[in-house]
Amino acid sequence: MAYQRDGSTLTVFGDPAAIERIRRLAKIAGIGCAVVAVWAAVWFGLMLFSGSEILGIDDPEGTFTIIGGVGLGIAVLIAVVAIVLLTRARKLSATQPPAVLVVGREGITAVGHEMVPYQEITEVVFDREQRPTQWAPTLGGTAGNEIGNKLVQMPDQMRVLELHRREGDPVWLNLALHVPDAEFAALTNDLEAVLGQIGIPVRADDGPSPTP
C-alpha cells in the first residue's frame with residue numbers, strides 16, 4: 001500500500017516509481033541548465049571583456065560591455081537554477097521514499113509545509129477534481145509545465161487533501177502521483193477513524209462523512 005497505519009499514526013510514502021521519474025527529470029533539466037549557463041558565461045564573458053576586438057567593431061558607448069554584463073547575470077541565474085535542480089535530484093536518490101503526508105501524535109505534516117497542530121485544524125477535506133492547466137507568464141513556460149507533467153506521468157485527475165485551519169489558508173496537497181484511486185478512498189476511511197477520535201471532521205468530495 002502507498003501508506004502505513006500504526007494505531008493513531010498514519011504515513012503516506014512517496015511512490016518510488018513517481019519519485020524516480022521526478023528525480024530523472026530534475027537531473028536532466030539541471031544538466032541542461034548547467035550546460036546553458038557555462039555556454040552563456042563563456043560567450044557573454046568574451047562579449048564583456050573582448051567584444052569589440054573579437055567582432056572588429058568599435059564600441060565607444062560600451063554597448064558590448066552592457067550586453068556582456070547583463071548576459072553574465074542571466075548566466076548566473078541559470079546556474080543557480082541548475083544547482084537547485086541537481087541538488088533536488090540528489091536528495092531524491094535516497095533509498096527510502098520520502099513521506100508526503102504524516103499524521104502524527106501532535107498534528108499533520110504535508111510535504112512542503114510545516115506541521116499543523118490538531119488544535120488548529122477545523123476540518124479535513126478529500127476531493128477529486130480535474131487537474132487544471134498550469135499557466136505561466138509565457139506560452140513556452142505553460143508548454144514546459146505541461147510537458148513536465150506528462151514526463152512525470154501526473155494523472156489528469158487530482159486526488160487532493162485539504163487541511164482547513166482556524167487561521168490562515170488551507171494546506172493543500174495533491175496525492176495523485178503517490179496514492180492510487182482505490183487507496184485514496186481507503187485513506188479517507190482510515191483518516192476518518194484516526195481523526196474522529198479527537199473530534200476533527202473529515203469530509204469526502206461526495207458529501208459530509210459520518211465523522212462527528
Quiz prompt | R165 vs P170 side-chain heavy atoms within contact, under 4.5 Å | solution = no
Practice problem: Using the side-chain contact (heavy atoms from CB on, under 4.5 Å) rule, pick out the option among D169, V116, V171, T122 that qualifies with H164. | Solution: T122
Quiz item: Would you say the side-chain atoms of N174 pair up with the backbone N or O of R159, donor to acceptor, closer than 3.5 Å?
Solution: yes
Self-check item: Residue pair I74 / V70, side-chain heavy-atom distance below 4.5 Å
Solution: yes
Quiz item: With hydrophobic residues grouped by side-chain heavy-atom distances under 4.5 Å, do V84 and V38 end up in a single group?
Solution: no
Self-check item: Neighbour count >12 (heavy atoms, 6.0 Å) for atom CZ, R88
Solution: no
Quiz item: Is the shortest heavy-atom distance from the side chain of N189 to the side chain of V202 under 4.5 Å?
Solution: no
Practice problem: To the nearest 0.5 Å, tell me how far E162 CD sits from F126 CZ. | Solution: 11.0 Å
Quiz item: Taking a hydrophobic cluster as the set of Ile, Leu, Val, Met, Phe, Trp and Tyr residues connected by side-chain heavy atoms closer than 4.5 Å, whether directly or through intermediates, do V111 and V103 fall within one such cluster?
Solution: yes
Self-check item: Spacing of CG belonging to L46 relative to CG belonging to L72, to within rounding of 0.5 Å
Solution: 9.5 Å
Quiz item: Can you find a pair of side-chain heavy atoms, one from V124 and one from P201, that are under 4.5 Å apart?
Solution: no
Self-check item: Heavy-atom donor-acceptor pair, R166 side chain to Q119 backbone, under 3.5 Å
Solution: yes
Exercise. Identify the two heavy atoms, one from A75 and one from A40, that lie closest to each other, and give their separation to 0.1 Å.
Key: CB-CB, 3.8 Å
Quiz item: Among the clusters formed by ILVMFWY side chains lying less than 4.5 Å apart, do L175 and M115 turn up in the same one?
Solution: no
Practice problem: Show your reasoning for whether side chain to side chain contact (heavy atoms under 4.5 Å, CB included) applies to D127 and R203. | Solution: CA-CA 9 Å; D127 193 14; R203 179 165 57 86; over 6 Å; no
Self-check item: Member of L101, V179, V125 meeting the side-chain contact (heavy atoms from CB on, under 4.5 Å) criterion with L161
Solution: L101
Practice problem: Would you name the heavy atoms of A26 and A89 that are closest together and state the gap between them? | Solution: CB-CB, 4.1 Å
Quiz item: Taking only residues two or more places apart in sequence or in another chain, which ones pass ring-ring contact (aromatic ring centres under 6.0 Å, His included) with F44?
Solution: none
Quiz item: Linking I/L/V/M/F/W/Y whenever their side-chain heavy atoms sit closer than 4.5 Å, directly or via other members, would V194 and V12 fall into one cluster?
Solution: yes
Practice problem: Measure the CD1-CG distance between I121 and L163 for me, rounded to the nearest 0.5 Å. | Solution: 5.0 Å
Practice problem: Could you walk me through whether R105 and Y118 pass side chain to side chain contact (heavy atoms under 4.5 Å, CB included), step by step? | Solution: CA-CA 9 Å; R105 299 185 183 280; Y118 288 127; 6.0 Å; no
Self-check item: Check: R128 and F184 side chains under 4.5 Å, non-hydrogen atoms
Solution: yes
Self-check item: Over all atoms of both residues, closest heavy-atom pair of A204 and T188
Solution: CB-CG2, 4.3 Å
Quiz item: Hey, does I198 have a side-chain heavy atom less than 4.5 Å from the side chain of L195?
Solution: yes
Exercise. Using a 4.5 Å cut-off on heavy atoms from C-beta on, say whether the side chain of T65 contacts that of F49.
Key: no
Exercise. Drop me the distance from I200's CD1 to E120's CD, to the nearest 0.5 angstrom.
Key: 10.5 Å
Quiz item: Does one hydrophobic cluster hold both I22 and L25, with members joined at side-chain heavy-atom distances below 4.5 Å?
Solution: yes
Practice problem: Please round to the nearest 0.5 Å and tell me the distance separating atom CZ of R21 and atom CG of L177. | Solution: 6.5 Å
Self-check item: By side-chain contact (heavy atoms from CB on, under 4.5 Å) - contacts of I19 (at least two apart)
Solution: L92, P98, H178
Quiz item: Considering only heavy atoms from C-beta outward, does the side chain of T109 approach that of E114 to under 4.5 Å?
Solution: no
Practice problem: Kindly give the heavy-atom pair with the smallest separation between L173 and V100, and that separation in Å. | Solution: CD2-O, 3.4 Å
Exercise. Could you tell me the separation between the CD1 atom of I67 and the CG atom of L48, rounded to the nearest 0.5 Å?
Key: 11.0 Å
